[in-house]
Amino acid sequence: MEKFILKYFTLIRTLIAILVGVIISVVLIYIISEMPAYALKQFLLGPVLSVSRFSNVIENASPMIFCGVAIAIAFQAKQFNVGAEGALFLSAAVGTAFAVSTGMPTVFHIILVLIVAGITGAVWGFVPGILKAKWGASELVSSLMMNYIAYFAGLYLINSHFRDKNAGFLVSIRLPETAWLPQFIPGTRMHLGILLSLVFAFLGYYFLYHTTTGYEIRTTGHNDKFARFGGINVIKVVVLSQVISGMIAGIGGMTEVMGIHHRFNWQNSPGYGWDGVIVAIIGRNHPLLIILAAFFLSYLRVGSQVLNLMADVPSELVAVIQAIIIILITAEAFLSKWKYRITMKQAELEEAGNESIA
Amino acid sequence: MNPLLKSILSTGFGFAILRVMTPILLPAMGVAISELAGSVNIALEGIMIMAAFFGVIVSAFTGSIWLALLAGIAAGVTSGAILAYFHLKLKADIILAAIALNMFASGFTIFMLYIFTGDKGSTSSLKSLVFPEIQIPILKSIPVLGPIFSGHNIMTYIALLAVPFFYFLVFRTPLGLRIRAVGQNPHAAESVGINVNRVKFYALMLSGLFGALGGLYLSMGYVSWFSRDMTAGRGFIAIAAATLGGNMPMGMLWASLLFGFVNSIAIYIASLDIPSELIQMIPYLITVIALAIFSIKVQMKKKHVEGARELYSEEVISGVVKDISSDGD
C-alpha cells in the first residue's frame, strides 16, 4: 500500500486536490443555498440528467483538450507560453477568412482550412519562441502581448473585411458548407472536431513520450543545461515546442468555428486558452490525462450552469473551486510531509529487512 | 479641421489620457516592484479586482471612505501575501499560482457580489462612495494646462506622486536596496545575510498595495460602482507597461501615458469610420518590439562586458553590507 502511494504520489496528490475542491464546493453550497440537497444534486448530477447537457459537456471539452495539449507541450519544455488563447482566436479568424474566400470539394476544403489555421497558430507560437530562444526575452510577457495583438487583429479582420452585414450582430459571413465539420449525433452539436481533439491528444502523447524530439523537449524542460551538455539543440527545441503548441491551439480554434456555429462569432476572447492552462495543470502536462481533466472541468462548468439555473447558487462557484484545485496541485509542499513520512518509514522497513537477512 | 485632429487637440482629450492612464500606471508599479525582486507577478488582475470589490462593498455598508480605502488596500495586500505564501512557502510555481489567484478573484468577487446584492452584474443597487476630485488652486485657472491637469480624482494624483515615491523606495531605502540585490543575484544577497524569501514576500505585498490603489480607483473614481471583471485586462496591460518602461518609474509613466493615449484615441474615433482595433493593437506591438530590442541589448552587453556586470552587482552587494552593518540588523 505505502509503496503504491509512493509510486503514484503525484497522481494521488492531484486526486486529493480535486477531492478537496469538490468538498469545499459541497460545503459552500450547504452554506449558501436554502435547498442544499436539491442544489447539490443539480450540481453533481445535472450534466448527466439530460442528453443536451451531457453533449454540452463533451462539446465544451473539445477546445479545452486542444488548448490543454497545446499548453502542455510548451510547459513540458518549461516554456510558459500562455499564447494559446491568441493563437486560437487569430487562427479561427484567419481560417474563417480563408474558408469564405475559397471554394472546393468538402474534404479538401476542411483539410486546407485546418492547415491555414494551424500555420497561423504556428507563426503565433514562433514569435515568443524565437525571442526566448535567441535572446532570452520572457515568453510569458511576449505571449501575453501576442494574445492582445491576436485579439485586435482577429477582430479587425472579421469586423472590417468578412463581416456579415445582414446579421444583426457582429459575426463573420457564414462558412460555405464544404468547410463544415459534420455533426454526427442528431439533436446535439457534437461534431468531428471532438474526435479530432482526441486524435491530437493521442498524437501529442505519442510525440512527447515516443519520439526523439519529444524526449528532447522533456529533457530540456527538466534541465536545459543537462540537455545542452547532452548535445540537444536547445534553441531548436524551445522554438519547436512553442510552434507546435500554437499550431494545435490554432487548429482547435478553427474546429470550433467549423463544427458549431459555422461562422466566427467571438467578439470577446472565448477563454479556452486559459482553460487549456487549467487542464494542463490538472492533467500534469500529460496529453492523455488532459482528456480526463478537460472532461472533468467541462463537467464542473456545465454542472455549475445547471446549479445556477435550477437552484440559488451562482455558477462562479466553479471558478473558486478550480482555483483552489490548481493551487493545491501546483503547491509542491502540499502533502510533502506525508510523503516524507512514508518514505522514511519505507526506508526503515527496508533497513530492518536487510538486517534480518544479514 | 479634421474631426479626429480636432478632438485630439482638445483639452478633454488630454484629461482623458490621464484618467485612463491611472489604473495602468499603479498596477504597473506593482508588477515592477516584484519583478525587481526577481518574481514575476501576473496576478495584478486578481489583486485589482479584489481591492475594487472590497472598497465598494465596505464604502456602501459603512459609509466611510477611509474604511473603504483601508479595506481595499487590505484586500490587495492580502492577495499579494497569499500569492507570496503559496509561491515561497508551499513552493508553487508563481505563474501558475498567479493564474489561480486571478481565477479565484474573478469568481470570488462575482460570487460575493451575488451574495450581497442578488445581482451578478454590478453593485449599481448599492450606494457606494467615490474618492474626491481635486481642483488644484493656481493650476486650474491656467488655460489649456488647467483643464488637462486639474480636477482629476485624487487617485490620479496619487498615481503621479507614486512615480517619485517608487524611485525613492527602490533607490533610496534599505528595503529597495535589498529588493534590487535579491532580484539581481539571490545567492549573493543571501551570502551577505539578506533573508531572500522575506524580501520577496515584502515585494509581493508592495505589489499588492500598488495593485490595490489601481483597483480602488477603478470602482471608486473611474466609475462609481463595481461590475464583474471590471479590470478588463488592465492587470495584464500593466505587465506590458512595466516591461515597456523597463521597470523604472519614469519609463513606466511614459509607457502608461502611451497606453492611455491609445485607448483614449480608440474611444474618440469610435464614432468615425476608422478601425479602432488596429490603433488599440499598437501599444502591444510596441511592447513586443521593445521587449525584443531590450533583450537583444541585454544579451549583447552580457557577452561584451561580463566582467563589468559582476563588478556592478558586487557594488550593490557591498552597499547592502554597509547598509546592514550601519543599521545593526
Side-chain angles (χ1 to χ4, degrees), chain A residues 28 31-32 75 80 82 127-128 130-132 134-138 140-161 269 274 277-278 280-281 304 308 312-334 336, chain B residues 40 42 46 82-83 85-87 89-97 99-115 118 120 228 233 236-237 239-240 242-244 275-288 291-300 302:
Chain A
L28 279 176
I31 292 173
I32 291 155
F75 275 13
F80 282 109
V82 291
V127 176
I130 195 77
L131 290 180
K132 171 67 179 287
K134 280 264 182 206
W135 302 294
S138 159
L140 178 78
V141 175
S142 60
S143 65
L144 269 173
M145 296 311 114
M146 295 290 282
N147 278 349
Y148 284 97
I149 297 172
Y151 172 66
F152 290 119
L155 276 189
Y156 167 71
L157 185 67
I158 296 298
N159 291 349
S160 300
H161 296 289
S269 221
W274 294 105
V277 176
I278 302 171
I281 296 169
S304 73
N308 196 45
D312 51 353
V313 183
S315 59
E316 279 67 25
L317 177 73
V318 161
V320 175
I321 301 313
Q322 69 197 19
I324 291 172
I325 292 175
I326 288 177
I327 205 135
L328 288 183
I329 290 178
T330 52
E332 276 173 29
F334 173 58
S336 65
Chain B
V40 189
I42 63 165
I82 290 173
L83 179 67
Y85 180 78
F86 273 96
H87 171 47
K89 290 276 175 344
L90 294 184
K91 306 284 171 224
D93 185 279
I94 190 165
I95 294 167
L96 303 182
I99 291 173
L101 184 64
N102 287 338
M103 215 180 301
F104 177 84
S106 164
F108 179 76
T109 49
I110 300 171
F111 195 82
M112 295 310 282
L113 181 63
Y114 179 79
I115 303 290
K120 286 210 297 193
R228 59 183 296 161
F236 293 124
I237 297 173
I239 299 172
T243 309
L244 195 55
S276 67
E277 293 98 348
L278 292 183
I279 291 177
Q280 283 175 281
M281 199 167 86
I282 292 169
Y284 302 101
L285 215 57
I286 295 178
T287 307
V288 172
L291 180 68
I293 294 172
F294 185 73
S295 308
I296 294 170
K297 256 190 179 166
V298 166
Q299 193 150 68
M300 274 163 55
K302 238 191 218 164

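Chain naming here is simple, since letters A, B, ... match the order of the sequence lines and numbering starts at 1 in each.
Between A:Ser138 and B:Leu291, the shortest heavy-atom distance links the atoms O-CD2, 3.8 Å. Shortest non-hydrogen contact noted between B:Ser295 and A:Ala137 is OG-CB, 3.1 Å.
With a threshold of 4.5 angstrom between heavy atoms, A:Ile149 approaches chain B through its backbone and through its side chain. Contacts between A:Leu317 and chain B at a heavy-atom distance below 4.5 Å involve backbone atoms as well as side-chain atoms. Proximity to chain A is absent for every atom of B:Leu101, based on heavy atoms less than 4.5 angstrom apart. Interface residue B:Ile296: backbone and side-chain heavy atoms are both found under 4.5 Å from chain A. Looking at B:Leu113, there are no atoms closer than 4.5 Å to chain A (heavy atoms on both sides), in backbone or side chain. In this structure, chain B has heavy atoms under 4.5 Å from both the backbone and the side chain of A:Ala153. Only the backbone of B:Lys89 comes within contact range of chain A, judged by heavy atoms closer than 4.5 Å. Looking at B:Phe108, the atoms closer than 4.5 Å to chain A (heavy atoms on both sides) sit in the backbone and in the side chain alike. Contact of A:Leu155 with chain B is made through backbone and side chain together, with heavy-atom distances under 4.5 Å. If you measure heavy-atom distances from A:Ser160 to chain B, the contacts under 4.5 Å come from the side chain alone. Only the side chain of A:Asn159 comes within less than 4.5 Å of a heavy atom of chain B; its backbone N, CA, C and O stay farther away.
The closest side-chain heavy-atom distance from A:Ile278 to B:Ile99 is not below 4.5 Å. Annotation: side chain of A:Met145 is not in contact with side chain of B:Leu285 (no heavy-atom distance under 4.5 Å). Taking the side chain as every heavy atom from C-beta outward, B:Phe111 and A:Val313 approach each other to under 4.5 Å. Counting heavy atoms from C-beta on, the side chains of B:Arg228 and A:Glu316 come closer than 4.5 Å. In this structure the side chain of B:Lys120 reaches within 4.5 angstrom of the side chain of A:Ser315, judged on heavy atoms.
Between B:Ile237 atom CD1 and A:Leu144 atom CG the span is 11.0 Å, to the nearest 0.5 Å.
Most heavy-atom pairs under 4.5 Å with chain A, from the set B:Ala105, B:Ala100, B:Ser106, B:Ala240: that is B:Ala100. In terms of heavy-atom pairs under 4.5 angstrom with chain A, the leader among B:Phe104, B:Tyr284, B:Phe294 is B:Tyr284.
When the options A:Tyr148, A:Tyr156, A:Phe152 are evaluated for a side chain to side chain contact (heavy atoms under 4.5 Å, CB included) with B:Gln280, the one that passes is A:Phe152.
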Does B:Asp93 form a side-chain contact (heavy atoms from CB on, under 4.5 Å) with A:Phe80? I'd like the steps, not just the answer. CA-CA 11 Å; B:Asp93 185 279; A:Phe80 282 109; 3.4 Å; yes
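With sequence neighbours excluded, no residue satisfies salt bridge (charged side-chain N to carboxylate O under 4.0 Å, His left out) with B:Glu277.
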Contacts table for residues 320-329 of chain A: side-chain donor-acceptor under 3.5 angstrom, sequence neighbours left out:
{"residue": "A:Gln322", "atom": "OE1", "partner": "A:Arg301", "partner atom": "NH2", "Å": "3.4"}

